[in-house]
Novice: 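One structure follows; several queries about it will come next.
Start at 1 and go down the list; that is how both ligands and their atoms are numbered. Predicted model, so just to flag it, every value in this text is computed and none were measured. These numbers come from the heavy atoms of this one structure, side chains and all, not from hydrogens, waters or symmetry mates. If you read the sequence from its start, that first residue is 1, and numbering goes on from there.
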Amino acid sequence: MTKTRSALCEARMKYQPKLPVALRSGLRKVVVKKGEATQSAADQDRIRGLFPATYGAPVVTFENGEATNARPLTVGVVLSGGQAPGGHNVISGIYDGVKSADPKSRVLGFLGGPGGLVDGKFREIDDATMDLYRNSGGFDLIASGRTKLESEQQFASCVQVAKANGLDAIVIIGGDDSNTNAAVLAEYFVAKKVDCVVVGCPKTIDGDLKNKYIEAPFGFDTAAKTYAALIGNIARDANSARKYWHFVKLMGRSASHIGLEVALLTQPNICLISEEVEAGQLTLDQVVRAMADVVAARAEQKKNFGVALIPEGLIEFIPEIKSLIRELNDALVKCEKDVESAGRVDEKIAIVSKHLSNKSAEVLSSLPESIAAQLLLDRDPHGNVQVSLIETEKLLIEMVGRELKKRPGFKGKFKALNHFFGYEGRCAHPSNFDSDYAYSLGFSAAVLAQNRLTGYISAVRHLKDGAENWVAGGVPTSMLMNMERRHGEDKPVIQKALVDLKGPAFKVFADNRDRWAIEEAYLYPGAIQYFGPSEICDAVTETLRLGA
Ligand code: FBP
């Protein structure tokens with residue numbers, strides 16, 4: 001007979017995630033301590049106006065004490081946006097949390113993301129089902145989706161669903177856009193006097209959902225370590241065969257946190273950091289010339305090989321392309337249908353260019369057709385360019401190749417292979433860190449639910465100090481917000497945390513990259529280890545370790 005589960009799946013189902021001390025005795029032994037009042041990341045007056053009921057609430061932390069409000073809770077759970085390792089552990093944390101308050105508590109998993117909540121489609125999770133998914137990767141227990149909650153009809157349906165199922169709380173597990181959804185829904189429920197709290201949990205492999213209180217989203221640790229394992233293997237192959245350059249695009253929609261973390265773990269010859277490109281106002285040509293300089297310098301030493309990391313979001317950070325995308329977002333709203341119905345890419349470019357400034361129209365037509373076509377593709381439901389579909393790694397190989405041909409002094413060879421690592425890491429078995437952290441976030445969400453704290457996002461702090469020192473609590477989601485232009489309109493959204501160019505992680509990278517460019521200083525981190533010495537199995541990301 002064939003197996004139904006791998007040996008690792010079997011073993012991971014038995015792993016008991018670690019919790020912060022305050023949560024270890026269950027919800028009946030947790031009380032809430034209120035801290036300082038908060039304000040939004042920017043645009044305070046506008047955000048306060050949009051979130052009158054939930055704006056400015058205090059940060060809360062959880063401590064041991066006798067809870068007087070323990071009762072059976074019915075909690076609805078939604079997995080939203082891109083997959084991230086640890087999603088099932090948030091659900092098991094919520095499940096164990098509410099059951100510790102009262103075994104009659106129920107957890108309903110809404111199917112396929114926020115759309116499942118709107119449509120009232122769910123599966124009730126029981127012990128046997130939950131046990132099968134503990135510490136597993138993926139979101140397949142209930143699946144995810146990217147529906148944006150924005151219409152009155154959608155909100156009214158959520159009210160119906162919450163009332164019909166007696167929901168005490170809805171937990172939305174998601175990234176910046178999904179937690180924005182959660183905050184908007186929380187505000188709507190208060191306005192409509194619906195007795196159901198809405199809380200969020202910070203998820204995204206991109207690593208960009210963080211602030212002073214949310215030190216990292218779950219999933220970043222495992223995804224970065226998975227890519228680092230693959231890139232370490234590629235670096236060793238490059239160093240053995242000594243004939244290929246490997247250009248690797250790494251997922252992470254905007255910020256370059258994944259690229260930076262993976263660079264610290266593997267020490268490649270080149271790693272572009274989008275935030276630095278933007279800060280230096282570099283043009284695409286300047287980026288290409290800098291890459292070609294490294295290829296040429298290595299070729300002088302007869303090293304016609306290397307590894308270059310390219311963050312997925314790079315294209316959006318090159319100033320001229322950033323302005324182009326901003327203009328395109330507005331322009332496409334005006335001529336979407338005509339662009340769609342035009343057959344050839346040059347026709348599409350001609351149509352949209354009528355709505356662009358001369359400069360942006362020029363930039364658009366200067367790009368290879370395949371890239372221009374990708375920039376004209378549909379935005380996701382939140383108005384984001386789908387950067388994972390833009391083949392920046394191929395564009396750069398082509399442009400670096402052309403640049404080297406123009407250099408009479410270049411006597412080396414440039415044979416380059418392209419890779420894109422994204423989906424390879426999003427559903428990996430969560431590392432011990434992500435298993436523990438996601439479980440703790442879920443448990444904290446259950447505490448927020450028990451204490452009727454709506455409009456909050458679950459937060460666990462002091463992450464680099466080991467679970468015994470973690471501090472659990474929550475922060476008002478409005479605290480993370482600012483106004484941004486989406487689909488041609490100003491919208492409240494969670495501000496993305498970009499790589500801090502003055503931070504310690506970037507400094508270590510910047511201090512060492514010239515040496516990494518020329519030497520083969522590669523580190524080979526290998527696959528994530530789940531069993532063995534704690535310094536290997538429980539290691540946090542370099543980003544956290546260095547305090548970035
Ligand atoms: P979230 O922000 O929803 O966590 O998604 C992250 C991400 O993995 C990005 O890194 C990537 O650009 C995007 O999702 C790809 O999503 P999709 O597969 O839906 O196109």
Novice: Show the atoms of ligand 1 that are less than 4.0 angstrom away from any heavy atom in G82.
Specialist: 1 (P), 3 (O), 4 (O), 5 (O)

Novice: When you check the gap from the basic side-chain N to the acidic O, do D221 and K225 get nearer than 4.0 Å?
Specialist: yes

Novice: So is G252 touching ligand 1 or not, going by heavy atoms under 4.0 Å?
Specialist: yes

Novice: Which atom pair, heavy atoms only, marks the closest approach of L463 to V540?
Specialist: O-CG1, 3.8 Å

Novice: I want to confirm something. Looking only at heavy atoms, which of E312, M251, K496, R146 is nearest to atom 12 (O) of ligand 1?
Specialist: E312

Novice: Does ligand 1 have any atom sitting under 4.0 Å from a heavy atom of G81?
Specialist: yes

Novice: Work out whether the distance between some heavy atom of K203 and some atom of ligand 1 is less than 4.0 Å.
Specialist: yes

Novice: Quick test of your reading of the model: are K337 and E340 salt-bridged, counting only N-O distances below 4.0 Å?
Specialist: no

Novice: Whether E336 and K348 form a salt bridge (side-chain N of Lys/Arg under 4.0 Å from carboxylate O of Asp/Glu) is what I want to check.
Specialist: no

Novice: Should the proximity of T204 to ligand 1, defined as any heavy atom under 4.0 Å, be assigned to the side chain, the backbone, both, or neither?
Specialist: both

Novice: How would you list all residue pairs meeting salt bridge (Lys or Arg N to Asp or Glu O under 4.0 Å) that involve residues 85-96, not counting sequence neighbours?
Specialist: D96-R134

Novice: May I ask you to check if ligand 1 and Y423 share an N or O to N or O distance below 3.5 Å?
Specialist: yes

Novice: Only one of R146, R486, K148 clears side-chain hydrogen bond (donor to acceptor under 3.5 Å, both in side chains) with D177; which?
Specialist: R486

